Amino acid sequence: MSQIAQQINTIKSQLPDHVTLVAVSKTKPVADLMEAYNAGQRIFGENKIQEMTDKWEEMPKDIQWHMIGHVQTNKVKFMAEYVSLIHGVDSLKLLQEINKQAQKHNRVIDCLLQIYIAEEESKFGLDEEELSDILNSDELKSMNNIKIVGLMGMATFTDNHNQIKKEFDNLKSIFDKNCHLKTENCQLNTLSMGMSGDYKLAIECGSTMVRIGSSIFGTR
Ligand SMILES: *Cc1c(COP(=O)(O)O)cnc(C)c1O
């Protein structure tokens, strides 16, 4: 069995049933993704739209492609035909564009709203107030081609276990506070948090979706 297949199997055997594995394949060649595919993996995460689209064109059509990177509004159109979940949505304007492009393909695109939980200027995301502004906006109610299915966050890049735990706990509490909302196009079920270095902790803190790259495919 290939190294990649072994890693997939090992990680999957550690995940509780309610946790979904996104295999983060950015920068990796299609041959590597196919090893994961042949080991049964069907959900792949990419952070560049062009690269994801190239891989989508080349690879089997039963793969679910997740966009995990920051999305520029003018590039949404390139993935609207096929993307299965967009993790990093951080504005109403971006939601409106996703809605518009999804409509052209007669689809409903699932989205996660990205929440800013780290102590790093470089990371994207909404604060609690901006989140509630979006969830309660009239604009959202009129978007029939998107569905907000959960939240996503990235912890600070640090070895400090306590800090990461604090940030994950914070995201989980924001998630819990907004779980009661149930509308046509909004129902928070998915909490996307945890990467190679911190996914076990993320699951302890309530994650339902982990995004794992280097532990499967090796360092980038
Ligand atoms: C690259 C990336 C990951 C995966 O990181 P690893 O440390 O390689 O597991 C997860 N989430 C996002 C948003 C990423 O950009």
Side-chain angles (χ1 to χ4, degrees), residues 3-15 19-30 32-33 35-36 39 41-55 63-72 75-76 79 83-91 94 98 110-126 149-161 163-165 167-168 170-172 174-175 190-220:
Q3 183 92 34
I4 290 170
Q6 261 172 37
Q7 289 304 106
I8 293 265
N9 289 341
T10 306
I11 291 167
K12 272 196 177 156
S13 72
Q14 295 165 349
L15 298 182
V19 177
T20 302
L21 172 62
V22 179
V24 175
S25 49
K26 61 192 185 195
T27 78
K28 298 295 176 182
V30 165
D32 287 9
L33 278 69
E35 285 186 16
Q41 183 64 24
R42 291 295 179 274
I43 304 177
F44 291 87
E46 292 280 337
N47 70 342
K48 295 209 167 68
I49 292 175
Q50 181 65 57
E51 180 179 344
M52 181 168 81
T53 302
D54 290 345
K55 287 171 175 171
I63 292 173
Q64 294 168 42
W65 294 99
H66 287 199
M67 174 42 60
I68 62 168
H70 188 66
V71 177
Q72 285 172 280
K75 294 196 174 152
V76 171
M79 64 177 170
V83 68
S84 116
L85 180 63
I86 303 176
H87 288 234
V89 179
D90 63 353
S91 72
L94 182 55
I98 296 168
D110 287 349
C111 297
L112 304 178
L113 295 176
Q114 182 168 0
I115 308 299
Y116 181 86
I117 53 170
E119 284 176 11
E120 286 168 21
E121 291 293 322
S122 60
K123 302 234 158 96
F124 295 97
L126 305 159
V149 298
L151 304 180
M152 178 268 207
M154 282 173 91
T156 304
F157 187 73
T158 172
D159 289 336
N160 185 336
H161 179 95
Q163 184 176 351
I164 299 174
K165 182 171 185 326
E167 293 172 3
F168 284 160
N170 179 33
L171 181 52
K172 171 70 160 107
I174 296 171
F175 181 80
T190 299
L191 183 53
S192 168
M193 63 180 191
M195 318 184 358
S196 291
D198 56 22
Y199 72 91
K200 285 176 189 161
L201 177 57
I203 292 167
E204 282 168 30
C205 295
S207 170
T208 69
M209 183 173 277
V210 291
R211 311 175 307 268
I212 301 181
S214 44
S215 288
I216 294 173
F217 296 104
T219 51
R220 289 180 295 273

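Heavy-atom basis, side chains included; hydrogens, waters and symmetry copies ignored. Keep in mind the model is a prediction, meaning the values are calculated, not measured. In listed order, ligands and their atoms are each counted from 1.
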query = Excluding sequence neighbours, so at least two apart, what forms side chain to side chain donor-acceptor pair (under 3.5 Å) with Lys75?
reply = Gln72

ask   = Does the Glu46 side chain pair with the main chain of Ile68, one donor and one acceptor, at a distance under 3.5 Å?
value = no

message = At less than 4.0 angstrom from any atom of ligand 1, which residues have a non-hydrogen atom? List them by chain and residue number.
response = Val24, Lys26, Ile68, Met152, Met154, Met195, Ser196, Arg211, Ile212, Gly213, Ser214, Arg220

inquiry  = Checking His87 now: which residues fulfil side chain to side chain donor-acceptor pair (under 3.5 Å) with it, not counting sequence neighbours?
reply    = His66, Ser192

ask   = Is there a donor-acceptor contact under 3.5 Å linking the side chains of Glu119 and Gln163?
value = yes

request  = Not counting sequence neighbours, which residues clear side chain to side chain donor-acceptor pair (under 3.5 Å) with Gln7? List them please.
outcome  = none

request  = For a side-chain contact (heavy atoms from CB on, under 4.5 Å) with Thr190, tell me which candidate from Leu151, Thr20, Leu112 qualifies.
outcome  = Leu112

